[in-house]
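Every chain is numbered from 1, with letters handed out A, B, ... down the list of sequences. A quick note: this is a predicted structure, and the numbers were derived from the prediction, not measured.
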2 protein chains.
Amino acid sequence: MKQRKTGNITLQEVANHAGVSKTTASVALNGGDYVSEETRHKVIVAAQELGYVYNRAAASLRSNASSTVGLIIPDLDNSFYTALLSGVNTALNKLENTILLGSTNESLTVQDRLISSMLEYRVCGIILFAVLGSSNELIARIKNLGIPVVLVNRNFSEFTCDYIGIDDVLAGQLATEHLVERGHRRIAYLGGTSELSSWYKRREGYERVLKEHQIQIDESLIIEGPPTQESGYKLAEEILKLDKKPSGIFCFNDVIAIGAMMKLEENGIIPGRDIAIVGVDDIPEASIIKPKLTTVSSYPFLRGVKAANILHERINGYAGEPQSIIIEPQLIIRDSSNSERINQ
Amino acid sequence: MKQRKTGNITLQEVANHAGVSKTTASVALNGGDYVSEETRHKVIVAAQELGYVYNRAAASLRSNASSTVGLIIPDLDNSFYTALLSGVNTALNKLENTILLGSTNESLTVQDRLISSMLEYRVCGIILFAVLGSSNELIARIKNLGIPVVLVNRNFSEFTCDYIGIDDVLAGQLATEHLVERGHRRIAYLGGTSELSSWYKRREGYERVLKEHQIQIDESLIIEGPPTQESGYKLAEEILKLDKKPSGIFCFNDVIAIGAMMKLEENGIIPGRDIAIVGVDDIPEASIIKPKLTTVSSYPFLRGVKAANILHERINGYAGEPQSIIIEPQLIIRDSSNSERINQ
DNA sequence: GTGAAAGCGCTAACAT
DNA sequence: ATGTTAGCGCTTTCAC
């Protein structure tokens with residue numbers, strides 16, 4: 001697992017070679033002010049000649065500082081998360097930070113292990129998409145060590161932590177309103193589980209719109225399940241079994257929508273023609289699948305960028321109150337919601 | 001950028017608290033053999049009580065060993081690479097390694113910077129999907145430092161480096177043969193550039209099959225371009241402009257195929273009905289797009305897993321000859337190649 | 001089984 | 001503007 005490495009060139013050797021002291025060499029190499037350009041040049045040349053490679057472990061140990069950011073997401077096979085990762089990466093690249101990446105696969109145990117590991121690495125901050133069932137203690141543990149955390153999913157309002165998310169109530173409203181406008185009155189809310197605060201909020205938006213339009217809420221149309229594509233596929237069966245089928249489906253997210261669309265189509269129900277589908281997230285697949293998926297964008301990439309930027313502020317010592325940045329979701333109308341026909 | 005952290009609990013404090021020496025505490029915590037279970041227990045309890053967090057920077061400095069693996073890929077928005085990443089992550093998780101991730105965006109400069117950074121972090125190994133134009137010196141530089149490298153794309157045969165890839169000639173053959181079997185005789189080879197060794201090899205397979213079937217090779221049907229979705233979209237225009245259009249297209253990879261399919265469809269040419277398309281890679285989108293994409297799987301996830309495993313062997317000191325692991329690609333027949341109609 | 005001492009490569013005070 | 005000294009927290013001899 002571990003590898004022993006052989007005699008690397010040290011700063012001392014560079015200093016000797018350049019005929020200066022270790023300190024001077026250090027300052028010269030790190031762009032400090034108090035060295036003459038001549039000396040700096042000498043040192044840089046010496047470093048190059050010797051093939052010197054800066055040792056961050058040593059520097060980090062001594063200065064008690066690091067420039068590595070930990071990023072923990074639940075699933076690398078879900079493009080929502082990889083889009084988030086891509087955003088974080090883009091922002092962090094500019095800031096010259098390096099990403100230590102971990103994927104939890106929705107396991108609390110793995111998440112604990114990853115966080116412990118990152119603390120051992122003395123990351124300068126953590127961006128966390130916490131798995132279901134994560135406790136407040138977990139975050140407290142990190143923060144107590146003085147390491148800033150930015151949450152990308154849940155807002156544990158009970159304590160202090162920066163948070164970046166979308167307005168989930170609004171997301172539910174936008175999706176549902178769109179369906180209602182297209183004439184649908186039996187609208188299902190498919191997938192996601194009540195353990196997710198975002199599930200509750202989207203449901204709240206969904207119910208609010210229904211009520212506004214005097215549409216009776218039908219509990220049989222609210223079907224819970226894990227937020228994955230396979231789950232969407234399975235959950236669509238529940239829809240098919242229903243006596244009074246919905247004519248529109250508001251899916252908790254895009255991967256569920258995609259899974260459901262596949263199942264429906266296999267059963268001869270063509271999304272966008274026989275049934276209207278709306279998702280949430282706007283992952284890349286949403287515009288690839290056919291019919292193209294109408295969805296409420298939750299801006300995964302942008303969230304990644306913003307998460308990295310907030311974290312950066314914190315790392316630089318910003319000590320203001322924890323912020324909750326709430327991005328306004330946006331309805332993106334494509335083809336899956338074209339159906340205006342109302343079953344039943 | 002960097003954060004100063006405050007008084008962490010050190011091993012010395014844990015040792016004091018447990019009434020043993022630093023050495024003993026270290027051995028106890030790291031599962032060494034020469035401690036009584038009683039002492040070990042005492043130390044572990046002390047560590048917990050104090051909230052001790054192991055400092056890897058210090059350990060790494062002293063022992064000159066690390067358990068971080070660097071992974072460098074060109075693009076986080078391309079699911080081929082994220083699938084690869086996912087494979088690497090899966091394998092590395094089991095081995096208790098941590099991933100330091102970098103994305104080059106196909107820039108040599110960024111790649112250089114990332115590699116330098118990883119060397120400074122003293123990663124124990126690097127998995128590299130090198131960008132176009134990468135030089136041998138680059139890899140030599142890493143290897144000279146005693147850090148093993150596994151290449152996931154190009155096999156720079158000029159020097160010694162582990163490599164994991166697919167049989168590209170065979171990939172070209174499988175795709176082309178499939179199209180020929182379906183009756184196509186005018187078959188385009190779309191996208192990818194001649195700077196890519198994989199492009200040459202796939203072309204070789206393509207031409208070999210054409211020759212076997214006495215089909216004249218038509219240079220106007222071999223259209224180069226970057227291996228991205230946007231590029232596939234643009235390149236499809238070239239196809240549309242052709243006087244004698246092909247009835248089948250062998251795309252360099254799936255993202256090109258997807259881009260091309262979109263363009264073709266916009267022009268009323270329905271893939272799978274009016275024209276046959278075959279890709280390479282089998283990224284997740286291939287089974288989501290409609291028609292589902294016939295493709296030659298290049299097993300990105302599996303390659304990631306294997307790359308991590310080879311690297312692991314090297315890290316553990318395996319000093320055998322550089323290996324080239326070539327995975328046999330497999331044709332996956334879906335719907336985009338259903339067309340048997342031959343234009344012209 | 002356990003402890004004492006040394007030192008990994010760097011930066012931070014403090015001189016000069 | 002440059003050098004001297006000390007020490008970050010750990011592992012590694014080596015002694016007991």
Problem set entry | Donor on one side chain, acceptor on other, A:Ser135 and A:Glu137, under 3.5 Å | yes
For this session: Specify the closest pair of heavy atoms between A:Leu101 and B:Leu101, including all atoms of both residues, with the distance to one decimal.
Result: CD2-CD2, 4.1 Å
Exercise. For A:Thr23 and A:Ser26, does a side-chain donor sit closer than 3.5 Å to a side-chain acceptor?
Worked result: no
For this session: Whole angstrom is fine here: how far is it from CD in B:Glu120 over to P in C:dG9?
Result: 15 Å
Problem set entry | Protein-nucleotide distance (B:Asn55, atom CG; D:dC10, atom C1'), rounded to Å | 7 Å
Exercise. Any side-chain N or O of A:Ser63 under 4.0 Å from OP1/OP2 of C:dT11?
Worked result: no
Exercise. Reckon A:Ser26 has a side-chain N or O less than 4.0 Å from the OP1 or OP2 of C:dT11?
Worked result: yes
Exercise. Around B:Tyr318, counting heavy atoms of other residues, nucleotides and ligands shown, do more than 12 lie under 6.0 Å from its OH?
Worked result: yes
For this session: Looking only at side-chain atoms of B:Ala58, point me to the closest of D:dG9, C:dC10, D:dT2.
Result: D:dG9
For this session: Mind calculating the distance between CG (B:Asn64) and P (C:dC8) to the nearest angstrom?
Result: 11 Å
Exercise. OP1 or OP2 of D:dT2 less than 4.0 angstrom from a side-chain nitrogen or oxygen of A:Thr39, does that happen here?
Worked result: yes
Exercise. Can you check whether B:Asn30 has a side-chain N or O nearer than 4.0 Å to OP1 or OP2 of D:dT11?
Worked result: yes
Exercise. What integer distance in Å separates B:Tyr34:OH from D:dC14:C1'?
Worked result: 14 Å
For this session: Check every strand shown and say whether B:Val27 touches a base, only sugar-phosphate, or nothing at a heavy-atom separation below 4.0 Å.
Result: nothing
For this session: Could you check which of D:dC10, D:dT2, C:dT2 has an atom nearest any side-chain atom of A:Val35?
Result: D:dT2
For this session: Quickly work out the B:Tyr54 OH to D:dC8 C1' distance and round it to whole Å.
Result: 15 Å
For this session: Return the 5'-most residue of the pair B:Leu61, B:Gly19 with respect to DNA chain C, ranking by each residue's nearest nucleotide.
Result: B:Gly19
Problem set entry | Length of the NZ-P vector between A:Lys22 and C:dA15, whole Å | 19 Å
Problem set entry | Crowding at NZ, A:Lys306 (>12 non-hydrogen neighbours, <6.0 Å) | no
Exercise. On a plain distance test, is the side chain of A:Thr23 in donor-acceptor contact with the base of D:dT4 below 3.5 Å?
Worked result: yes
Exercise. B:Ile9 has an atom CD1; how far is it from atom P of D:dG9, in whole Å?
Worked result: 10 Å
Exercise. Over how many whole Å does the gap from B:Leu11 atom CG to D:dT12 atom C1' extend?
Worked result: 13 Å
For this session: Would you mind telling me which of C:dT11, D:dC10, C:dT2 lies closest to the side-chain atoms of B:Ser36?
Result: C:dT2
